[in-house]
Trainee: 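Here's a structure for you.
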Amino acid sequence: MSNICVLLPVAQDLCLSVSFSDLTISRIRYQHVCSTKSDVIENDSIFAKKIINELESYFNRSDSQFSVLCDLSAGTEFQQKVWQALLEIPVGETRSYGTLAKQLKTSARAVGNACRQNLFPVIVPCHRVVSASGMGGYAGDTSVKQQGEIDYMQIKHWLLAHEKTIDRKK
DNA sequence: TGTCCGACTAAAT
DNA sequence: ATTTAGTCGGACA
């Protein structure tokens, strides 16, 4: 298994750590850049370059779509179903937990649970799922964090704002 | 099994 | 603005 790190535009010290093997992404997590010096990009395989390229495109430009595959099978059957549904939400749009629940014939809470378990943030766009009355959570968190900790809600806000920028350019 | 807890929500206070 | 009741998947005993 290999691992690469892609810097996030959200904050100076944040990056996305992507684990992969066999042309498939197995896991993505948020990380402080400084926390692991060993996570420097040292892998120059074609696939690694593709991942980096697609993520950077997404962060910098408009209509970028991801073609790299994620190993959804790491989740339960239900989680896979939800994650698949997330992949079908277009860039710049959002869905509420409730409407997704209706679509999948389950409950809003259950959808939230599956989102919380998302192993592939950004690529599987759980940030496009919001609550009927507000923001919902992100990466398991629901409120703003203290200094020093990763502020996941800030990241969710940033991603959504970024995708709106994309819409405006169209 | 049974119990409990969520990134929820609509309805009733 | 808050509270309540309904919801269902997953973790754990």
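As the structure is a computational prediction, the values presented were derived from the model and not from experiment. Lettering follows sequence order; numbering is per chain, from 1.
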Trainee: Without decimals, in angstroms, what is the distance between A:L104 CG and B:dT9 P?
Mentor: 14 Å
Trainee: Can you tell me which stems DNA chain C forms when a stem means 3 or more consecutive Watson-Crick or G-U pairs under 3.5 Å?
Mentor: B:1-6 with C:8-13, B:8-13 with C:1-6
Trainee: What's the CG-P distance between A:L100 and C:dG9, to the nearest Å?
Mentor: 15 Å
Trainee: Give the rounded distance in Å between these two atoms: NZ of A:K102 and P of C:dG6.
Mentor: 19 Å
Trainee: So A:L100 and A:L86, do their side chains get closer than 4.5 Å, heavy atoms only?
Mentor: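 With C-beta onward as the side chain, the pair touches.
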Trainee: For C:dG9 and A:T106 - does any side-chain N or O of the residue sit under 4.0 Å from the phosphate oxygens OP1/OP2?
Mentor: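 Yes, such a contact exists.
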Trainee: Just the rounded figure in Å: distance from P of C:dA11 to CD of A:Q79.
Mentor: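 Rounded to the whole Å, the gap is 7 Å.
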Trainee: I want to check something: taking the side chain as every heavy atom from C-beta on, are A:I4 and A:F20 in contact at a cut-off of under 4.5 Å?
Mentor: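 A:I4 reaches A:F20 side chain to side chain.
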Trainee: Does any part of the side chain of A:H32, heavy atoms only, come nearer than 4.5 Å to the side chain of A:L14, both counted from C-beta?
Mentor: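 Yes, side chains in contact.
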Trainee: Determine, using ring centers only, whether A:Y138 and A:H157 are less than 6.0 Å apart.
Mentor: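 When the ring centroids of A:H157 and A:Y138 are compared, they turn out to be at least 6.0 Å apart.
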Trainee: At 4.0 Å (heavy atoms only), tell me whether A:F78 reaches a base, stays on the sugar-phosphate, or touches nothing.
Mentor: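 Result for A:F78 = sugar-phosphate.
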Trainee: What is the distance from CD of A:Q117 to C1' of C:dG9, rounded to the nearest Å?
Mentor: 10 Å
Trainee: Would you say a side-chain N or O of A:S131 is under 4.0 Å from OP1 or OP2 of B:dC8?
Mentor: no
Trainee: How long is the line joining CZ of A:R109 and P of B:dA10, in whole Å?
Mentor: 13 Å
Trainee: Expressed in angstrom and rounded to an integer, what is the separation of A:N113 atom CG from B:dC4 atom C1'?
Mentor: 12 Å
Trainee: Give A:A114 one of three labels, base, sugar-phosphate or nothing, depending on what nucleic acid heavy atoms sit under 4.0 Å from its own.
Mentor: nothing
Trainee: Taking A:R95 for the side chain and A:I89 for the main chain, is one N or O donor matched with an acceptor at less than 3.5 Å?
Mentor: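 Absent.
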Trainee: To the nearest 0.5 Å, how far apart are CD in A:Q84 and SG in A:C70?
Mentor: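 Reported to 0.5 Å precision, the distance equals 10.5 Å.
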Trainee: Once you round it to whole Å, what is the distance between P of C:dC8 and OH of A:Y97?
Mentor: 18 Å
Trainee: Please check if the number of heavy atoms outside A:E77 that lie under 6.0 Å from its CD is greater than 12.
Mentor: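 Open.
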Trainee: Counting heavy atoms from C-beta on, name the nucleotide in C:dG9, C:dT7, B:dT9 closest to the side chain of A:A110.
Mentor: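 The closest nucleotide is C:dG9.
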Trainee: Output the single nucleotide from B:dT9, C:dG10, C:dC8 whose closest atom is nearest the side chain of A:S107.
Mentor: C:dC8
